[in-house]
Amino acid sequence: MASTPPDGRAGIDAALVKRLIAAQFPQWSTLPVTPVEVDGWDNRTYRLGDSMTARLPTAAGYVPAVEKENRWLPRLAPQLSVPVPPVLGLGVPGEGYPFPWSVRGWLPGGTARPERVGDMSAFAVEVAEFLLALQRCDATGGPVAGEHSFYRGAPPAHYDDETRRCLAALKGRVDTDRAAAVWEAALAAEWRGSPVWFHGDIAFGNLLVADGRLTAVIDFGTSGVGDPACDLVIAWGMFHGESRAAFRRTVGQDDGTWARARGWALWKALLVLSQNIDTDEEVAAANWQVIGEVLADHDDFA
């Protein structure tokens, strides 16, 4: 993970954004700048008028995503099943802000919280179809999975030490023997496929919906070219029962890819649970549920 942003989220606020816009994109300097309702951790995002956003990384570890998205999103967009953020401008450091930043087109819709989704199984199919379209995009010259993607798209072994520390910390509170078996299966399922595009963070906060349907996918900061297993984690994070079955049927993938996907889901859930088990009951419960469903899935399909 990247370093923690300093207090004040790298000193980013609406006043800074207005100064950056005035200095670098004066044609938009009269537009209002307002924070978005739901913001992320890696970047601060502000509405710029009605049809644009300004997106600023909060720490140096998130900076590689700016050039990557600005270069590749316009190439990927025409081949995808739903819109992705249009790139309208690339900003440079200035006004006391040390990183490059970007101006994007605003995409309508709300984040895909379950209460906003109409038919969850139909939505699962739409997400799977997006992933398949992304995987069909030409991967030639694409950014190979690594530090810029926080190793999404690389073998889950990168997080082996961290996962084993979490298992040790949670012993007696999680079925760590079964969890260790899931993790070992993920490590053993070596990926031998041709590199494909992956998003790296397919979760409800990066999926936009309107009228219950998937309308856009945002935040390609962890995207790259490599193993698509990391994009299947939503199977346990958002889908259950028939919607998970619909996602699995549509997205396909071989048994090894699903084994690695279970490993990715388990790593993240163990990490978040270990950090919150005694401090945040709601977060802990959500990650306990993911762990339980991943273990059950391993028993059913491994």
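- Cation-pi geometry between R262 and F301 is not satisfied (NZ or CZ under 6.0 Å from the ring centre, within 45° of the ring normal).
- Looking at heavy atoms from C-beta onward, P100 lies in side-chain contact with V63 at the 4.5 angstrom threshold.
- Here the side chains of L270 and W183 are not in contact, with every heavy-atom distance at 4.5 Å or above.
- N276 has its side chain out of reach of N287: every pair of non-hydrogen atoms, C-beta onward, lies at least 4.5 Å apart.
- A donor-acceptor pair is defined here as one N or O able to donate and one able to accept, closer than 3.5 Å; no such pair exists between the side chain of N43 and the backbone of T45.
- Within the 3.5 Å criterion, the main-chain N or O of F239 finds no donor-acceptor partner in the side chain of S243.
- Across all their heavy atoms, A185 and A259 have their closest contact at O-CB, 4.1 Å.
- Contact detail for P228 and Q253: the closest heavy-atom pair is CG-OE1, 4.0 Å.
- Side chain of S102 to main chain of L90: no donor-acceptor pair is present (N/O by atom type, distance under 3.5 Å, no hydrogens or angles).
- A single hydrophobic cluster is seen to contain both L273 and V290, as judged by linkage of ILVMFWY side chains at heavy-atom distances under 4.5 Å, directly or through other members.
- For the pair M238 and H240, the tightest heavy-atom approach, listed with the atom from each and the gap, is O-CD2, 3.5 Å.
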Report all side-chain donor-acceptor pairs from residues 16-35 shorter than 3.5 Å, counting only partners two or more places apart or in another chain.
unit_1, atom_1, unit_2, atom_2, d
Q24, OE1, V92, N, 2.8
Q24, NE2, V92, O, 2.9
S29, OG, P26, O, 2.9

Output, in order, the C-alpha distance, side-chain angles, deciding distance and verdict of side chain to side chain contact (heavy atoms under 4.5 Å, CB included) for I12 and F99.
-> CA-CA 11 Å; I12 302 167; F99 307 132; over 6 Å; no
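- Between the side chain of W288 and the main chain of A269, no donor-acceptor pair closer than 3.5 Å is present.
- Take V233 and apply the side chain to side chain contact (heavy atoms under 4.5 Å, CB included) test, not counting sequence neighbours, and it matches W264, A265.
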Criterion side chain to side chain contact (heavy atoms under 4.5 Å, CB included) on R116 and F204, from CA distance to verdict = CA-CA 10 Å; R116 291 175 171 161; F204 79 87; over 6 Å; no
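- With hydrophobic clusters built from ILVMFWY side chains whose heavy atoms lie under 4.5 angstrom apart, V87 shares a cluster with L76.
- Side-chain contact between V217 and L80 is absent, with no heavy-atom pair separated by less than 4.5 Å.
- From D300, atom CG reaches atom CG of L295 across 11.0 Å, with rounding to the nearest 0.5 Å.
- One finds the CD1 atom of I291 at 11.5 Å from the CZ atom of R178 (value rounded to the nearest 0.5 Å).
- Within a 6.0 Å sphere centred on CD of Q79, other residues, nucleotides and ligands contribute more than 12 heavy atoms.
- Linking Ile, Leu, Val, Met, Phe, Trp and Tyr residues whenever their side-chain heavy atoms come within less than 4.5 Å places V294 and V174 in a single cluster.
- W191 places none of its side-chain heavy atoms less than 4.5 Å from the side chain of P156.
- V125 and L132 fall into different hydrophobic clusters, where Ile, Leu, Val, Met, Phe, Trp and Tyr are joined by side-chain heavy atoms under 4.5 Å apart, directly or via other members.
- Aromatic ring pairs are classed by plane angle as parallel below 30°, tilted from 30° to 60° and perpendicular above 60°; the pair W267 and Y159 is parallel.
- Sorted by first and then second residue, the side-chain hydrogen bond (donor to acceptor under 3.5 Å, both in side chains) pairs with a member in residues 68-78 read K68-H148, E69-R104; sequence neighbours excluded.
- The closest donor-acceptor contact from the side chain of T250 to the backbone of F247 lies at 3.5 Å or more, if one exists at all.
- A donor-acceptor pair under 3.5 Å links the side-chain atoms of R47 to the main chain of D50, judged by distance alone.
- Residues W101 and V66 have side chains not in contact (no heavy-atom distance under 4.5 Å, counting atoms from C-beta outward).
- For residues 266-284, the salt bridge (Lys or Arg N to Asp or Glu O under 4.0 Å) pairs, not counting sequence neighbours, are R173-D278.
- Annotation: the span from L266 atom CG to W236 atom CH2 amounts to 10.0 Å, rounded to 0.5 Å.
- Between P93 and P98, the shortest heavy-atom contact is CG-O, 3.4 Å.
- Two different hydrophobic clusters hold L134 and I218 under the rule that ILVMFWY side chains link at heavy-atom gaps under 4.5 Å.
- Atoms CG and CD1, on L207 and I234 in that order, are 5.0 Å from each other to the nearest 0.5 Å.
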Check against side chain to side chain contact (heavy atoms under 4.5 Å, CB included), I202 and F130 = CA-CA 10 Å; I202 292 292; F130 168 82; 4.2 Å; yes
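- Judged as a side chain to side chain contact (heavy atoms under 4.5 Å, CB included), and not counting sequence neighbours, the contacts of E184 are R164, L187.
- Atoms OG and CG, from S51 and L88 in turn, are 8.0 Å apart once rounded to the nearest 0.5 Å.
- Counting only heavy atoms from C-beta outward, the side chains of L48 and W106 never approach each other to under 4.5 Å.
- Residues T111 and L208 form a side-chain contact, since some pair of their non-hydrogen atoms from C-beta on lies under 4.5 Å apart.
- Residue pairs meeting the side-chain hydrogen bond (donor to acceptor under 3.5 Å, both in side chains) criterion with at least one partner in residues 193-213, sequence neighbours excluded, are E126-R213, D201-N206.
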Side chain to side chain contact (heavy atoms under 4.5 Å, CB included) between T215 and L107, intermediate numbers included | CA-CA 9 Å; T215 58; L107 292 173; over 6 Å; no
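- Counting all heavy atoms, side chain and backbone alike, A139 lies closest to P195 at CB-O, 3.6 Å.
- By the 4.0 Å N-to-carboxylate-O rule, D254 lies too far from R192 to be salt-bridged with it.
- Looking at D231, its side chain does come within 3.5 Å of a backbone N or O of G200 through a donor-acceptor pair.
- Of all non-hydrogen atoms in A181 and H298, the two that sit nearest each other are O-CE1, 4.2 Å.
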